[in-house]
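In what follows, chains carry the letters A, B, and so on, assigned in the order in which the sequence lines appear, proteins first and then strands, with residues in each chain numbered from 1.
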Protein chains: 2
Amino acid sequence: MTDLKELSRRLGLSMTTVSRALNGYPEVGAQTRARVLKLARELGYTPNALARRLSSGRAECVGFVLGDGHRYFNDPYFSELIAGIGTALGAANLDLVISGVDCSGDPLAPYRRLVDGRRVDGLILDRTRTEDARVAFLLSRGVPFVTLGRNARQNEHAWLDVDGAAAFEALTRRLLAFGHRRIGFLGADPAYNFAHERFAGYVRALAAEGLVMDPALRADGDLTEPGGAAAAALLLDRRPMPTALVCIDDLTALGAMREARRRGLAIGRDVSITGYNDLILAAIANPRLTTVSFPIRRAGERLATLLLERLRSDGPPPTGELWSGALVAGESDGPCRDG
Amino acid sequence: MTDLKELSRRLGLSMTTVSRALNGYPEVGAQTRARVLKLARELGYTPNALARRLSSGRAECVGFVLGDGHRYFNDPYFSELIAGIGTALGAANLDLVISGVDCSGDPLAPYRRLVDGRRVDGLILDRTRTEDARVAFLLSRGVPFVTLGRNARQNEHAWLDVDGAAAFEALTRRLLAFGHRRIGFLGADPAYNFAHERFAGYVRALAAEGLVMDPALRADGDLTEPGGAAAAALLLDRRPMPTALVCIDDLTALGAMREARRRGLAIGRDVSITGYNDLILAAIANPRLTTVSFPIRRAGERLATLLLERLRSDGPPPTGELWSGALVAGESDGPCRDG
DNA sequence: TTGTATGCGTTATCAT
DNA sequence: ATGATAACGCATACAA
């Protein structure tokens with residue numbers, strides 16, 4: 001393989017000059033640069049990324065750690081996110097490094113590996129918890145990172161989030177307008193900031209109508225379809241039965257739909273169900289799911305862009321960005337038919 | 001950050017010995033090793049992966065290129081695959097590098113970048129075409145790789161595949177046993193080897209029953225839900241209408257279900273529909289989709305393992321592995337109710 | 001069992 | 001505008 005040394009030897013130039021010509025430094029003479037570029041192309045020269053990385057001290061990689069548990073990956077939204085991130089990073093000639101979870105029991109282990117081994121220049125975090133150990137770790141290490149989702153220390157780093165509280169307030173208001181009064185909440189571990197936010201939006205909408213949240217009408221799933229079905233089973237056993245279920249995400253909602261159907265309940269008539277987050281699943285569902293969508297792929301691209309900014313400049317302080325979701329009406333909810 | 005030099009200085013040992021102790025070389029004395037390991041732990045020493053990579057000439061990374069077009073990523077099976085690969089690689093301390101498609105128009109560009117830049121030690125290819133330019137390129141470069149899916153040159157590399165022909169033969173036989181005689185095929189670009197294989201299985205089952213494939217009953221989608229709906233629309237316009245549709249995958253089948261439903265056809269009664277590949281989607285579908293599943297996550301792990309073997313040894317020649325899918329009966333198909 | 005010396009292929013510093 | 005030379009941090013062939 002042809003390297004800088006061979007290139008410079010053939011050209012009768014120093015490696016320094018060749019390197020500068022290749023990397024577009026301004027002080028190189030025009031015809032010198034032309035000669036260098038020509039030969040480099042002819043010989044099919046490609047710089048050795050490993051050497052460049054060691055020399056420059058930059059890994060040219062961004063890390064993303066796969067979430068805990070298998071279930072996570074069942075969510076199609078993950079692939080969209082990755083695709084968006086990968087696209088934007090590729091344009092900057094950065095690679096995306098996906099690290100699996102560690103089985104050692106220490107949830108921070110993959111982050112330590114990535115950061116301490118200098119395998120990545122920065123990271124993208126997903127599904128932040130309100131108190132997020134990863135955030136604390138990365139802040140302590142001074143590593144650039146961006147999160148999808150807010151957390152208690154969000155003012156110390158760049159983040160992007162969708163306003164889940166507003167979205168769930170809108171969904172709940174829609175159900176209230178349909179006449180529902182016993183509206184269940186199918187949530188997730190409230191340690192997740194998004195779960196907390198969405199619940200807050202639901203409570204807010206109820207409060208605006210003078211209703212108080214009934215703790216018996218809340219059940220938390222695990223963000224999977226079976227988890228949604230199980231949590232729905234709990235709530236549908238309550239008497240009087242809730243006439244509507246607001247679900248933390250679409251996968252959960254699909255599970256709830258399955259459980260409702262199993263009980264012979266007509267979805268959108270006997271019980272209303274809403275989801276969140278995933279246009280694909282919602283569109284595929286039968287009946288089509290009322291949900292809130294946002295451009296997850298573009299969010300991935302934006303996250304990568306935000307991180308690139310952190311990597312490049314040491315300029316302005318990091319900022320947060322709150323996007324709005326769009327309520328997409330389906331046929332999974334409708335007027336309350338209950339006394 | 002503490003590096004090998006500092007470690008050796010503090011210990012009064014050479015960098016060589018420290019390195020050897022850390023990397024488990026047998027010639028290091030027991031108490032020497034203990035001292036080294038102890039201090040390394042105390043100081044939180046982590047080797048600089050960038051330096052190790054340059055020095056060893058190994059990138060410690062495996063590459064995976066995101067497929068062309070957005071649609072690809074809508075398929076949840078992708079996330080499962082990645083999760084499986086990532087898990088197995090992580091155990092070997094290798095990173096998974098995800099590279100986005102290049103917009104330059106050259107489909108090989110991302111592969112060139114990864115390989116020529118020595119960014120990866122090996123690659124995993126997905127969705128091979130019968131004549132696959134990526135395979136030809138990697139073979140010419142002598143880079144270790146594994147494919148999910150077979151191709152014309154499969155005897156020259158390691159691969160893993162699911163027997164799509166057998167699976168589609170089984171699905172089609174099931175429909176034939178239900179009394180269906182006009183069975184449509186919702187396919188995909190036959191340049192994909194899997195599309196070709198699955199179609200062959202379908203034809204084989206028909207032939208075994210003395211039927212010949214009617215070209216008017218084949219339409220190719222693009223492996224998306226809308227693509228499936230569009231292709232289904234074509235076939236459902238045929239007269240006499242096919243009474244069953246064998247679909248290339250579950251996403252396509254879901255699209256076909258939507259189109260059938262739109263026309264007022266009862267799925268599983270007026271028209272039978274089968275899918276392939278994705279347990280999650282099939283289970284979510286209403287009615288539940290008859291499909292063929294295989295453990296995609298385990299396939300990812302196995303692919304990684306196969307690649308690791310290629311990376312380590314220069315021993316036995318690469319082999320192929322053909323897995324069988326499992327037919328999962330749902331309610332999306334049933335007895336033919338037509339003449 | 002331990003140490004010395006060199007190489008890995010670039011980028012960066014400092015001259016010229 | 002160009003070049004000589006020194007890092008970058010580790011691995012390893014060769015010596016002792």
Side-chain angles (χ1 to χ4, degrees), chain A residues 1-37 39-40 43-61 93-95 113 115-121 311-312, chain B residues 1-37 39-40 43-61 93 95 113 115-121 312:
Chain A
M1 209 50 199
T2 103
D3 58 9
L4 260 190
K5 197 182 300 177
E6 168 157 355
L7 224 47
S8 60
R9 192 177 51 69
R10 295 218 197 192
L11 287 161
L13 290 167
S14 73
M15 284 170 52
T16 313
T17 302
V18 176
S19 172
R20 281 197 276 234
L22 256 22
N23 292 319
Y25 281 59
E27 65 263 31
V28 178
Q31 76 253 11
T32 305
R33 163 166 292 129
R35 278 182 60 216
V36 172
L37 290 177
L39 188 67
L43 266 48
Y45 169 76
T46 310
N48 183 320
L50 269 36
R52 175 158 24 93
R53 289 169 182 180
L54 174 60
S55 183
S56 68
R58 274 168 291 125
E60 301 175 352
C61 287
N93 203 33
L94 286 196
D95 288 324
R113 216 178 68 91
V115 170
D116 293 340
R118 296 163 199 77
R119 289 165 146 87
V120 297
D121 300 318
L311 290 178
R312 284 198 216 293
Chain B
M1 209 51 199
T2 103
D3 58 9
L4 219 47
K5 197 182 300 179
E6 167 157 356
L7 224 48
S8 60
R9 193 176 50 68
R10 297 218 196 192
L11 287 161
L13 291 167
S14 72
M15 283 172 54
T16 312
T17 302
V18 177
S19 171
R20 280 196 278 234
L22 257 22
N23 293 319
Y25 281 60
E27 65 263 34
V28 178
Q31 76 255 11
T32 305
R33 162 165 295 129
R35 280 182 59 215
V36 171
L37 291 177
L39 189 66
L43 266 49
Y45 168 77
T46 310
N48 183 319
L50 270 36
R52 175 157 27 92
R53 289 169 182 180
L54 174 61
S55 181
S56 68
R58 275 169 289 125
E60 301 175 352
C61 288
N93 202 32
D95 288 324
R113 215 178 68 92
V115 170
D116 293 340
R118 295 161 200 77
R119 289 166 146 86
V120 297
D121 300 319
R312 284 197 216 293

Quick one, which residues of residues 48-58 of chain A touch DNA chain D with a heavy atom under 4.0 Å?
A:Leu54, A:Ser55
Selection: residues 22-31 of chain B, any non-hydrogen atom under 4.0 Å of DNA chain D:
B:Asn23, B:Tyr25
Measure the shortest side-chain to side-chain distance between [X] and [Y] over non-hydrogen atoms and say whether it is less than 4.5 angstrom.
X	Y	result
B:Asn93	A:Arg113	yes
A:Tyr45	A:Leu4	yes
B:Leu7	B:Leu22	yes

Of B:Ser14 and B:Arg118, the one whose closest DNA chain C nucleotide lies more 5':
B:Ser14
d([atom1], [X]; [atom2], [N]) in whole Å:
X	N	atom1	atom2	result
A:Leu7	D:dT2	CG	P	15 Å
A:Arg119	D:dG9	CZ	P	16 Å
A:Arg20	D:dT5	CZ	P	15 Å

At the 4.0 Å heavy-atom cut-off to chain B, mark where contacts on DNA chain C begin and end, going 5' to 3'.
C:dT1 to C:dG9
Can you tell me if A:Thr17 touches the phosphate of D:dG3, counting only side-chain N or O atoms and a distance under 4.0 Å to OP1 or OP2?
yes
Quick one: does [X]'s side chain have a donor or acceptor within less than 3.5 Å of a partner on [Y]'s backbone?
X	Y	result
B:Arg10	B:Ser8	no
A:Arg35	A:Leu11	yes
A:Asp95	A:Cys61	no
A:Ser19	A:Met15	no
A:Asn48	A:Leu50	yes

To the nearest 0.5 Å, how far apart are CZ in B:Arg52 and CZ in A:Arg118?
10.5 Å
Under 3.5 Å donor-acceptor pair, B:Ser19 side-chain atoms to D:dT12 base atoms:
no
Check B:Ala21 against B:Leu37 and note the closest heavy-atom contact, atom names and distance.
O-CD2, 4.5 Å
How is A:Leu4 classified with respect to the nucleic acid when contacts are heavy atoms under 4.0 Å: base, sugar-phosphate, or nothing?
base
With heavy atoms under 4.0 Å as the rule, sort B:Gly117 into base, sugar-phosphate or nothing.
nothing
More than 12 heavy atoms from other groups under 6.0 Å of CZ on A:Arg33
yes
